[in-house]
**Student:** 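Here you go, one structure.
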Amino acid sequence: MPEAHDAPGVQAAPDTPGALDALLDLLDLERIERDIFRGQSRSALVPRVFGGQVAAQALVAAGRTVPEDRLAHSLHAYFLRPGDPGAPIVYAVDRIRDGRSFITRRVVAVQHGQPIFHLSASFQAYEDGLDHQADMPAAPDPESLPTAAEMLPRHLPEDVARRLVEARAAVDLRYVDTPPWGSVGEPREPRSQVWFRTNGKLADDPLLHVCLATYVSDMTLLDSVLLAHGRGGWAVGDVVGASLDHAMWFHRPFRADEWLLYDQESPSAAGGRGLGQARIWTRDGKLAISVIQEGVVRVPRP
């Protein structure tokens with residue numbers, strides 16, 4: 001049996017920029033016991049740990065307890081409490097099932113003695129089978145779009161734009177249309193698209209690419225909720241919110257260091273919650289990932 005995954009992404013390509021190196025270090029969890037790992041955090045735009053970081057680290061922990069020939073095909077997660085960016089996070093992995101085709105893991109992330117995040121993930125040995133997919137939506141070429149460093153200062157105060165660019169420096173993320181904070185007060189169709197890839201080449205470990213896609217998936221998924229109501233979001237402070245739950249299905253192989261189209265929409269918002277659903281496509285039109293997330297989306301009270 002192949003050895004279990006170990007330190008995904010630590011062997012980054014020599015030309016990987018510093019911001020990506022820092023993110024890969026963040027995903028390089030310390031093993032404390034056989035199924036217990038410890039991760040660190042970094043400052044975010046809000047005074048809590050970025051949800052995509054916790055989800056990616058939890059998937060790293062789960063992946064390190066399965067053989068390399070078992071590939072992550074789904075995850076389901078709940079965000080239970082805000083994470084403290086100034087304290088380490090301990091990830092405890094429960095080996096729920098080791099089957100001939102599928103392996104299931106449960107991960108609980110703990111800070112200050114309390115669970116802050118819960119994840120269930122399933123891994124599968126590769127199989128041939130029936131194959132069909134929806135058609136990829138139309139989108140402009142990613143190289144024709146402005147970078148975040150070029151686009152964000154057009155719509156946000158200089159200090160906010162700088163902090164957002166720095167927080168996302170490991171990822172080249174390009175909006176197809178104006179982001180929510182660029183059209184405040186103008187309700188639009190609740191759909192948005194971004195292209196993304198890491199700012200540097202990555203090792204070939206499939207777990208690494210899945211974990212990095214998980215990290216990015218929490219950045220923009222609720223934007224479509226904001227667009228429907230003409231709200232600018234967390235960057236301008238006209239709503240408050242947080243991720244509640246998150247689910248992903250990994251359909252086909254992909255690389256997170258090659259362009260991926262994140263096509264997102266919101267079918268509903270009610271009861272102080274908003275739902276985002278999305279599909280992630282490779283540049284050559286393969287449906288790689290499906291994503292659904294619900295989050296708290298509230299208008300601040302006077």
Side-chain angles (χ1 to χ4, degrees), residues 3-12 19-68 70-98 103-123 167 170 203 205-219 242-248 250 256 293 295-296:
E3 293 294 320
H5 290 288
D6 190 30
V10 174
Q11 312 85 2
L20 183 55
D21 280 339
L23 177 55
L24 297 179
D25 287 342
L26 205 65
L27 298 181
D28 186 14
L29 304 182
E30 174 190 1
R31 188 188 294 267
I32 302 174
E33 296 284 352
R34 177 171 179 259
D35 293 333
I36 301 177
F37 304 85
R38 180 162 50 206
Q40 303 300 322
S41 299
R42 64 180 182 183
S43 299
L45 294 172
V46 291
R48 59 177 181 265
V49 177
F50 171 51
Q53 174 202 307
V54 182
Q57 288 180 329
L59 189 56
V60 169
R64 289 193 181 178
T65 69
V66 305
E68 289 184 352
R70 304 300 177 96
L71 306 176
H73 75 86
S74 69
L75 66 83
H76 302 264
Y78 281 91
F79 297 89
L80 306 176
R81 293 178 174 86
D84 176 3
I89 306 173
V90 174
Y91 296 90
V93 181
D94 191 355
R95 301 185 182 226
I96 299 297
R97 178 176 183 267
D98 287 77
I103 290 177
T104 306
R105 295 290 184 260
R106 180 172 58 202
V107 184
V108 178
V110 178
Q111 270 190 325
H112 305 304
Q114 293 185 313
I116 64 168
F117 179 81
H118 176 279
L119 174 138
S120 294
S122 184
F123 300 78
D205 182 0
L207 178 64
L208 169 64
H209 293 264
V210 166
C211 290
L212 282 165
T214 300
Y215 177 85
V216 178
S217 70
D218 191 41
M219 287 183 176
S243 302
L244 287 172
D245 55 12
H246 197 84
M248 302 180 73
F250 306 100
Q293 182 184 86
V296 172

**Student:** List the steps, then state whether side-chain contact (heavy atoms from CB on, under 4.5 Å) holds for Ile89 with Val110.
**Tutor:** CA-CA 6 Å; Ile89 306 173; Val110 178; over 6 Å; no
**Student:** Run Asp98 and Arg70 through salt bridge (charged side-chain N to carboxylate O under 4.0 Å, His left out) and show every step you take.
**Tutor:** CA-CA 11 Å; Asp98 287 77; Arg70 304 300 177 96; over 6 Å; no
**Student:** Which value, rounded to the nearest 0.5 Å, describes the distance between His73 atom NE2 and Phe123 atom CZ?
**Tutor:**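 That separation rounds to 9.0 Å.
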**Student:** Can any side-chain N or O of Gln53 pair as donor or acceptor with the backbone N or O of Gln40 at less than 3.5 Å?
**Tutor:**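 Answer holds: yes.
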**Student:** Identify the two heavy atoms, one from Met219 and one from Tyr215, that lie closest to each other, and give their separation to 0.1 Å.
**Tutor:**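 Looking at all heavy atoms of both residues, the shortest contact is CE-CE2, 3.5 Å.
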**Student:** Donor-acceptor pair, distance only, cut-off 3.5 Å: does the side chain of Gln293 make one with the backbone of Asp218?
**Tutor:**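 Checked: no pair found.
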**Student:** Rounded to the nearest 0.5 Å, what separates atom CG in Leu208 from atom CG in Leu212?
**Tutor:**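 That separation rounds to 5.0 Å.
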**Student:** Which salt bridge (Lys or Arg N to Asp or Glu O under 4.0 Å) pairs, counting each pair once, include a residue from residues 87-96, with sequence neighbours left out?
**Tutor:**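 Every pair satisfying salt bridge (Lys or Arg N to Asp or Glu O under 4.0 Å) with a residue in residues 87-96: Asp35-Arg95, Asp94-Arg106.
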**Student:** Can you name the side chain to side chain contact (heavy atoms under 4.5 Å, CB included) partners of Thr104, sequence neighbours left out?
**Tutor:**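 Residues passing side chain to side chain contact (heavy atoms under 4.5 Å, CB included) with Thr104: Ile96, Arg97, Ser122.
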**Student:** Which heavy-atom pair separates Leu23 from Ala170 by the least distance, and what is that distance?
**Tutor:**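 Smallest heavy-atom distance, with atoms named: CD2-CB, 3.8 Å.
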**Student:** Does the Arg105 side chain pair with the main chain of Thr65, one donor and one acceptor, at a distance under 3.5 Å?
**Tutor:**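 Indeed, once roles are kept as given, a pair shorter than 3.5 Å links the two residues.
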**Student:** Who pairs with Val90 by side chain to side chain contact (heavy atoms under 4.5 Å, CB included), at least two apart in sequence or on another chain?
**Tutor:**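 Ile36.
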**Student:** Kindly give the heavy-atom pair with the smallest separation between Ala213 and Met248, and that separation in Å.
**Tutor:**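 Answer, listing the atom of Ala213 first, then Met248: O-CE, 4.1 Å.
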**Student:** Can you give me every donor-acceptor pair (side chain of residues 76-86, partner residue at least two apart or in another chain, under 3.5 Å) with its distance?
**Tutor:**
| residue | atom | partner | partner atom | Å |
| --- | --- | --- | --- | --- |
| Arg81 | NH1 | Pro115 | O | 2.6 |
| Asp84 | OD1 | Gly86 | N | 2.9 |
| Asp84 | OD2 | His112 | NE2 | 2.9 |

**Student:** I need the minimum non-hydrogen distance between Cys211 and Ala56, along with the two atoms involved.
**Tutor:**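 Cys211 and Ala56 have their closest heavy atoms at O-CB, 3.4 Å.
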**Student:** Not counting sequence neighbours, which residues clear side-chain hydrogen bond (donor to acceptor under 3.5 Å, both in side chains) with His209? List them please.
**Tutor:**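 Checked His209 against side-chain hydrogen bond (donor to acceptor under 3.5 Å, both in side chains); zero matches.
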**Student:** Can you tell me how far the CD atom of Gln111 sits from the OG atom of Ser41, to the nearest 0.5 Å?
**Tutor:**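 Interatomic distance, Gln111 CD to Ser41 OG, rounded to 0.5 Å: 6.0 Å.
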**Student:** For Gln57 and Gly39, work out which heavy atoms get closest and say how close.
**Tutor:**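 Closest heavy-atom pair between Gln57 and Gly39: NE2-CA, 4.1 Å.
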**Student:** Does Tyr91 have any ring pair (Phe, Tyr, Trp, His ring centres under 6.0 Å) partners at least two apart in sequence or in another chain, and if so, which?
**Tutor:**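 With sequence neighbours excluded, Tyr91 shows a ring pair (Phe, Tyr, Trp, His ring centres under 6.0 Å) to no residue whatsoever.
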